[in-house]
Participant: 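First, the structure itself, so that you have it in front of you.
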Amino acid sequence: MKKITSALVALGLGIALSASVQATSNDEAVAERIKAVGSVCIEGDDSCGGAAAVAAPAAARTGEKVYATKCAACHATGAAGAPKFGTSEWADRGAKGIDSLLASAINGLNAMPPRGLCTDCSDDELKDAIQHMMDSAQ
Ligand code: HEC
């Protein structure tokens, strides 16, 4: 008799348990179905990923990479009078100071096209590329 009772209790528990599991997953399913389509995240509120979503387009490329892919076309050879990589020409330009060089790179200077034709370069990427060329000066 005792065995039967505990078997019944176990059975009852089992039913109760599975019923509550069922209820939980139903609630979740309902919550999933009725959840808001979108949510608003105020810029600067990083508790909801707003800052990350707004402030991080693509990781910045290194100056070396921007130079190699964008600026080397002219600056590796000195085409059209471009100050040549790895020469004293960069020491001479460096005397102008990085801010002045960056301004010419952004706006263009004579045969140097605006942004060195790198339309998707950020100002910081341009600056790092210039620094990379200045560091090459012998
Ligand atoms: C189409 C050729 C060309 C490309 C591409 C190019 N440059 Fe130039 N760059 C020049 C020429 C030519 C000059 C020399 C301009 C002058 O002094 O008359 C120059 C000069 C410069 C100067 C010196 C500006 C100054 O004030 O003396 C900087 C800085 C510079 N380039 C940065 C860059 C960067 C950064 C890139 C790549 C993002 C780049 N350039 C790509 C042709 C180019």
Side-chain angles (χ1 to χ4, degrees):
M1 187 59 188
K2 197 166 179 213
K3 255 198 178 142
I4 293 174
T5 313
S6 61
L8 279 177
V9 168
L11 185 64
L13 258 179
I15 290 168
L17 267 178
S18 66
S20 76
V21 166
Q22 187 67 37
T24 313
S25 58
N26 274 342
D27 287 351
E28 283 167 3
V30 169
E32 180 64 25
R33 279 199 300 274
I34 64 173
K35 75 176 181 193
V37 173
S39 60
V40 173
C41 185
I42 307 299
E43 190 176 343
D45 176 4
D46 49 11
S47 69
C48 54
V54 171
R61 292 159 286 193
T62 62
E64 190 176 357
K65 170 126 197 195
V66 170
Y67 164 74
T69 54
K70 307 288 181 180
C71 320
C74 297
H75 287 275
T77 59
K84 195 174 168 187
F85 190 82
T87 67
S88 61
E89 289 169 39
W90 273 108
D92 299 343
R93 300 278 176 164
K96 290 184 171 184
I98 185 86
D99 290 338
S100 155
L101 293 177
L102 177 61
S104 341
I106 291 170
N107 301 319
L109 177 69
N110 304 319
M112 160 79 190
R115 308 195 85 84
L117 296 178
C118 182
T119 48
D120 67 347
C121 280
S122 68
D123 292 357
D124 281 345
E125 286 173 326
L126 291 175
K127 192 172 184 175
D128 290 348
I130 296 168
Q131 189 63 53
H132 179 65
M133 294 193 274
M134 282 167 66
D135 291 347
S136 78
Q138 309 272 327

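What you are looking at is a predicted structure, and each value in this text was computed from that prediction instead of being measured. Just so you know, ligand 1 is whichever comes first in the structure, and atom 1 is the first atom listed for that ligand.
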Participant: Could you go through C71 and C74, starting from their C-alpha distance and side-chain angles, then the distance that decides it, and tell me whether this counts as disulfide (SG to SG under 2.5 Å)?
Facilitator: CA-CA 6 Å; C71 320; C74 297; over 6 Å; no
Participant: Count the heavy atoms belonging to other residues, nucleotides or ligands that lie under 6.0 Å from CD of E64, then report whether that count exceeds 12.
Facilitator: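 Counting other residues, nucleotides and ligands, CD of E64 stays at 12 neighbours or fewer.
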Participant: Who's the nearest protein heavy-atom neighbour of atom 21 (C) of ligand 1, and how far?
Facilitator: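 Protein heavy atom with the smallest distance to atom 21 (C) of ligand 1: H75 CE1, 3.4 Å.
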Participant: Can you list the atoms of ligand 1 that are under 4.0 Å from a heavy atom of K96?
Facilitator: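 Those atoms are 25 (C), 26 (O), 27 (O).
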Participant: For a quick test of reading the model, state the closest non-hydrogen atom pair linking P113 to A111 and the distance between them.
Facilitator: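 Residues P113 and A111, closest heavy atoms: CD-O, 3.2 Å.
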Participant: Which heavy atom of P114 sits nearest a heavy atom of N107, and at what distance?
Facilitator: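 Distance-wise, the nearest heavy atoms are CG-O, 3.6 Å.
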Participant: If you have a sec, work out which protein heavy atom is nearest atom 15 (C) of ligand 1 and how many Å separate them, to one decimal?
Facilitator: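 In this structure, atom 15 (C) of ligand 1 has L109 O, 3.4 Å as its nearest protein heavy atom.
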Participant: Count I, L, V, M, F, W, Y as connected when their side-chain heavy atoms are under 4.5 Å apart, and connections chain through other members. Are Y67 and W90 then in the same cluster?
Facilitator: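 Yes, same cluster.
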Participant: Cluster question for you: counting only ILVMFWY and a side-chain heavy-atom cut-off of under 4.5 Å, with indirect links fine, are I98 and L126 together?
Facilitator: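 Same cluster: I98 reaches L126 through Ile, Leu, Val, Met, Phe, Trp or Tyr contacts under 4.5 Å.
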Participant: Kindly give the heavy-atom pair with the smallest separation between G86 and Q138, and that separation in Å.
Facilitator: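 For G86 versus Q138, the nearest heavy atoms are O-CG, 2.8 Å.
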Participant: What class does the angle between the rings of H132 and F85 fall in, given that below 30° is parallel, 30 to 60° is tilted and above 60° is perpendicular?
Facilitator: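 Taking F85 first and then H132, their aromatic rings sit tilted (interplane angle of 30° to 60°).
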Participant: Which of the atoms in ligand 1, numbered in the order shown and given with their element, are less than 4.0 Å from a heavy-atom of L126?
Facilitator: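 Ligand 1 atoms under the 4.0 Å threshold to L126: 38 (C).
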Participant: Out of curiosity, does L102 fall in the hydrophobic cluster containing V66 (side-chain heavy atoms, cut-off under 4.5 Å, transitive links)?
Facilitator: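 No.
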Participant: Nearest non-hydrogen contact with atom 38 (C) of ligand 1 belongs to which option: C74, G116, C71, P113?
Facilitator: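 Shortest heavy-atom distance from atom 38 (C) of ligand 1: C71.
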Participant: Backbone, side chain, both or neither: what part of N110 comes under 4.0 angstrom of ligand 1, heavy atoms only?
Facilitator: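 For N110, only side-chain atoms sit under 4.0 Å from ligand 1.
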Participant: Any nitrogen or oxygen of W90, side chain or backbone, less than 3.5 Å from one on ligand 1?
Facilitator: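 N/O-N/O distance below 3.5 Å does not exist for this pair.
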Participant: Give the numbers and elements of all ligand 1 atoms closer than 4.0 Å to a heavy atom of P83.
Facilitator: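 It comes down to these atoms of ligand 1: 13 (C), 14 (C), 19 (C), 20 (C).
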Participant: Enumerate the atoms of ligand 1 whose separation from the nearest heavy atom of L101 is less than 4.0 angstrom.
Facilitator: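 Result: 23 (C), 24 (C), 25 (C), 26 (O), 27 (O), 29 (C).
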Participant: Kindly confirm or rule out an N or O of R115 lying under 3.5 angstrom from an N or O of ligand 1.
Facilitator: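 So ligand 1 has no N or O lying under 3.5 Å from an N or O of R115.
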Participant: Identify, by atom number and element, the atoms of ligand 1 in contact range of A111, meaning under 4.0 Å from any of its heavy atoms.
Facilitator: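 So the answer, numbered in order with elements, is 12 (C).
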Participant: Nearest protein heavy atom to atom 26 (O) of ligand 1, by residue and atom, and its distance?
Facilitator: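 Result: S104 OG, 2.5 Å.
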Participant: Would you check the N or O atoms of K70, main chain and side chain alike, for any that come under 3.5 Å of an N or O of ligand 1?
Facilitator: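 No, K70 has no N/O under 3.5 Å of an N/O on ligand 1.
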Participant: Could you tell me if any non-hydrogen atom of C121 lies under 4.0 Å from any atom of ligand 1?
Facilitator: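 No.
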Participant: R115 side chain to C121 main-chain N or O, any donor-acceptor pair under 3.5 Å?
Facilitator: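 Judged by distance alone, yes, a pair lies under 3.5 Å.
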Participant: Find all atoms of ligand 1 within a distance of less than 4.0 Å from any non-hydrogen atom belonging to A80, and give their numbers and elements.
Facilitator: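 Those of ligand 1 that fall under 4.0 Å from A80 are 12 (C).
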Participant: How far is atom 17 (O) of ligand 1 from its nearest protein heavy atom, and which residue and atom is that?
Facilitator: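 Here the nearest protein heavy atom works out to R93 NH1, 2.7 Å.
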Participant: When you look for heavy atoms under 4.0 Å from ligand 1, do you find them on the side chain of M112, its backbone, both, or neither?
Facilitator: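 M112 to ligand 1: contacts from backbone and side chain alike.
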Participant: What's the verdict on side chain to side chain contact (heavy atoms under 4.5 Å, CB included) for H75 and M112, showing C-alpha distance, side-chain angles and the deciding distance?
Facilitator: CA-CA 10 Å; H75 287 275; M112 160 79 190; 4.0 Å; yes
Participant: Rounded to the nearest 0.5 Å, what separation is found between the CG atom of D120 and the SG atom of C118?
Facilitator: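 If we round to the nearest 0.5 Å, D120:CG and C118:SG are 4.5 Å apart.
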Participant: Which of the numbered atoms in ligand 1 are under 4.0 angstrom from any heavy atom belonging to M133?
Facilitator: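 Listed by number with element, the hits are 32 (C), 33 (C), 34 (C), 35 (C).
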Participant: Mind checking whether A82 contacts ligand 1 via backbone (N, CA, C, O), side chain (CB onward), both or neither, at a 4.0 Å heavy-atom cut-off?
Facilitator: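 The part of A82 near ligand 1 is both the backbone and the side chain.
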